[in-house]
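So the structure is just underneath, and the comments pick up after that.
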Amino acid sequence: MAQFVIGDIHAGNRALTQLLERVPIRPNDQLIFLGDYLDGWSEGPEVIDALIALSKQYNCRFIRGNHDALCLDYLKHGKAPQQWVMHGGQSSIEAYKRGTSEQIDRHVAFLERLENYIEIEDRLFVHAGFSHPKGPQEEFHAHLVYWDRSLWETARAAHELNNQDSWQYPERLKLYREIYIGHTPVQRIGASTPFRASNVWNVDTGAAFDGTLSAINTATKEFWQSDPLPSLYPDELGRQA
């Protein structure tokens, strides 16, 4: 059984379709999605429908991203804070105007079932990170796991510290052999493919902006990518708007 991790989709259903055609998925493989399925391009509802359908074919697990939590709040309660609207939320507002009440109810149920994080043996899968030195289960505010950026910054800062016994090595990074995250595009450090810092793998390759959607095999570290999202949505700007 292979295990594949898929980064932030941000409503790019064409990229998701293309990526899934490129990843050599077999019936018994596991797919772990790191969150942020919505907000950015125009096909957020199509992404959720595709993920629901995919879960009926494969062993899929879905993690909650900050954009998913914000969009869920909008779908359930009509809350649309300006910061969300300006950073991708407007695309979801417009997309769900086309949806039926039955579709929206189905998507609300899907978004409510998302997992905050997943632990499998010595690996952690989480959208953003965690700040507590004893792990995400100890976070006082549960929502931090899909908003935190300090884990990624810590992993980058500790990358050259190969000795975990050093007093300088962060306690958080000792808890797991590997941690897989999204949330912060690797383009911010000049990368374009899934990137490892210390024992943290960042699989967000900028699908919301001008990058690609990526998947990585946790065992072999082989990865696959869609075409850049602007080439798949030439008449849209995504979150570059």
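All residue numbers in this chain count up from 1 along the given sequence. Model, not experiment: these values are computed from the prediction.
Under a cut-off of 6.0 angstrom, the local environment of CD in Gln168 is crowded, with over 12 non-hydrogen atoms contributed by other residues, nucleotides or ligands. Atom CD of Gln57 has more than 12 neighbouring heavy atoms from other residues, nucleotides or ligands inside a 6.0 Å radius. Other residues, nucleotides and ligands contribute only 12 or fewer heavy atoms inside 6.0 Å of the CD atom of Glu160.
Contact detail for Ile179 and Leu151: the closest heavy-atom pair is CG2-CD2, 4.0 Å. Ala11 and Gly40 get closest at one heavy-atom pair: CB-N, 4.4 Å. Here the closest heavy-atom approach between residue Tyr180 and residue Lys221 is recorded as OH-CE, 3.3 Å. Here the closest non-hydrogen pair linking Phe209 and Pro185 is CE1-CG, 3.9 Å. The shortest non-hydrogen separation linking Leu229 to Gly12 is CD1-CA, 4.0 Å. Nearest heavy-atom pair, Cys71 versus Tyr96, reported as atom, atom and distance to 0.1 Å: SG-CE1, 4.2 Å.
With no hydrogens or angles considered, a side-chain donor-acceptor pair links His127 and Asn66 at under 3.5 Å. Side-chain N/O atoms of Asn116 and Glu139 include no donor and acceptor closer than 3.5 Å. A donor and an acceptor atom, one from each side chain of His10 and Asp39, are nowhere located under 3.5 Å apart. A side-chain N or O of Glu119 and one of Tyr176 form a donor-acceptor pair less than 3.5 Å apart. Side chain to side chain, Ser198 and Arg156 fail the donor-acceptor criterion of an N or O pair below 3.5 Å.
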Exercise. Which is it for Ser192 and Gln187 under the side chain to side chain donor-acceptor pair (under 3.5 Å) test, yes or no, and what are the steps along the way?
Worked result: CA-CA 6 Å; Ser192 60; Gln187 279 80 358; over 6 Å; no

For this session: For the pair Glu178 and Asp122, evaluate side chain to side chain contact (heavy atoms under 4.5 Å, CB included) and give the outcome as yes or no after the intermediate values.
Result: CA-CA 7 Å; Glu178 291 182 336; Asp122 53 2; over 6 Å; no

Problem set entry | Steps toward side chain to side chain donor-acceptor pair (under 3.5 Å) verdict (Ser226, Thr212) | CA-CA 5 Å; Ser226 71; Thr212 63; 5.1 Å; no

For this session: Determine, step by step, whether Val85 and Ile93 satisfy the side chain to side chain contact (heavy atoms under 4.5 Å, CB included) criterion, reporting the C-alpha distance in whole Å, the side-chain angles of both residues, the deciding distance to 0.1 Å, and the verdict.
Result: CA-CA 8 Å; Val85 173; Ile93 292 172; 4.0 Å; yes

For this session: Under the side chain to side chain contact (heavy atoms under 4.5 Å, CB included) rule, what do Ser91 and Trp41 come out as? Steps first, then yes or no, please.
Result: CA-CA 6 Å; Ser91 70; Trp41 303 97; over 6 Å; no

Problem set entry | Chi angles and distances behind the side chain to side chain contact (heavy atoms under 4.5 Å, CB included) call for Val186, Thr193 | CA-CA 7 Å; Val186 297; Thr193 63; over 6 Å; no

For this session: Any chance you could lay out the side chain to side chain donor-acceptor pair (under 3.5 Å) test for Ser131 and Arg172, step after step, and finish with the verdict?
Result: CA-CA 8 Å; Ser131 61; Arg172 278 183 288 175; 5.7 Å; no

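Residues Asp49 and His107 are in side-chain contact: their nearest non-hydrogen atoms beyond the backbone lie under 4.5 Å apart. The shortest distance between side-chain heavy atoms of Thr220 and Asn217 falls below 4.5 Å. Under the 4.5 Å side-chain criterion, counting only non-hydrogen atoms from C-beta, Phe33 is in contact with Ile9. Residues Leu34 and Ile181 fail the side-chain proximity criterion, which asks for heavy atoms closer than 4.5 Å. In this structure, Gln90 and Met86 have side chains that are not in contact, with every pair of non-hydrogen atoms separated by 4.5 Å or more. Residues Pro133 and Glu138 have side chains not in contact (no heavy-atom distance under 4.5 Å, counting atoms from C-beta outward). Contact of the His87 side chain with the Trp84 side chain is not registered, since no non-hydrogen atoms from C-beta on lie closer than 4.5 Å. Looking at Asp204 and Thr184, their side chains never come closer than 4.5 Å, going by heavy atoms from C-beta outward.
Distance check: Thr154 OG1 to His159 NE2 gives 14.5 Å after rounding to the nearest 0.5 Å. Annotation: the span from Ile118 atom CD1 to Gln30 atom CD amounts to 7.0 Å, rounded to 0.5 Å. One finds the CG atom of Leu31 at 4.5 Å from the CD1 atom of Ile6 (value rounded to the nearest 0.5 Å). The OG atom of Ser92 sits 9.0 Å away from the OH atom of Tyr74 when rounded to the nearest 0.5 Å. For the atom pair Leu54 CG and Thr17 OG1, the distance stands at 10.0 Å (nearest 0.5 Å). In this structure, OH in Tyr146 is found 10.0 Å from CG in Leu114, a value given to the nearest 0.5 Å.
Ionic pairing of Arg61 and Glu115 is present here: one or more N-O contacts between side-chain nitrogen and carboxylate oxygen are shorter than 4.0 angstrom. The pair Arg22-Asp227 meets the salt-bridge criterion, since a charged nitrogen lies less than 4.0 angstrom from a carboxylate oxygen. A salt bridge between Glu171 and Lys134 is absent, with no side-chain N of the basic residue lying under 4.0 Å from a carboxylate O of the acidic one.
Of the possible polar contacts, none joining the Asn28 side chain to the Met1 backbone as a donor-acceptor pair under 3.5 Å is found. No donor-acceptor pair closer than 3.5 Å links the side chain of Gln3 to the backbone N or O of Asp29. Judged purely by atom type and a 3.5 angstrom limit, Arg64 has no side-chain atom pairing as donor or acceptor with the backbone of Val145. The main-chain N or O of Gly206 is never found under 3.5 Å from a side-chain atom of Arg239 such that the two would form a donor-acceptor pair. Panel note: side chain Arg123, backbone Thr218; a donor-acceptor pair is recorded below 3.5 Å. Looking at Asp8, its side chain never comes within 3.5 Å of a backbone N or O of Ala208 through a donor-acceptor pair. A donor-acceptor pair is defined here as one N or O able to donate and one able to accept, closer than 3.5 Å; such a pair exists between the side chain of Asp68 and the backbone of Asp36.
Ring centers of Phe62 and Phe110: under 6.0 Å apart, within the cut-off. Here His67 and Tyr37 keep their ring centres 6.0 angstrom or further from each other.
Two different hydrophobic clusters hold Tyr117 and Phe125 under the rule that ILVMFWY side chains link at heavy-atom gaps under 4.5 Å. Ile32 and Leu51 fall into different hydrophobic clusters, where Ile, Leu, Val, Met, Phe, Trp and Tyr side chains are chained together by heavy-atom contacts under 4.5 Å. No continuous path of ILVMFWY side-chain contacts below 4.5 Å connects Phe223 to Ile189, so the two sit in separate hydrophobic clusters. Under the 4.5 Å side-chain heavy-atom criterion for grouping Ile, Leu, Val, Met, Phe, Trp and Tyr, Leu72 is not connected to Ile63 through any hydrophobic cluster. In this structure, Val23 is not a member of the same hydrophobic cluster as Trp201, with clusters built from ILVMFWY side-chain heavy atoms closer than 4.5 Å.
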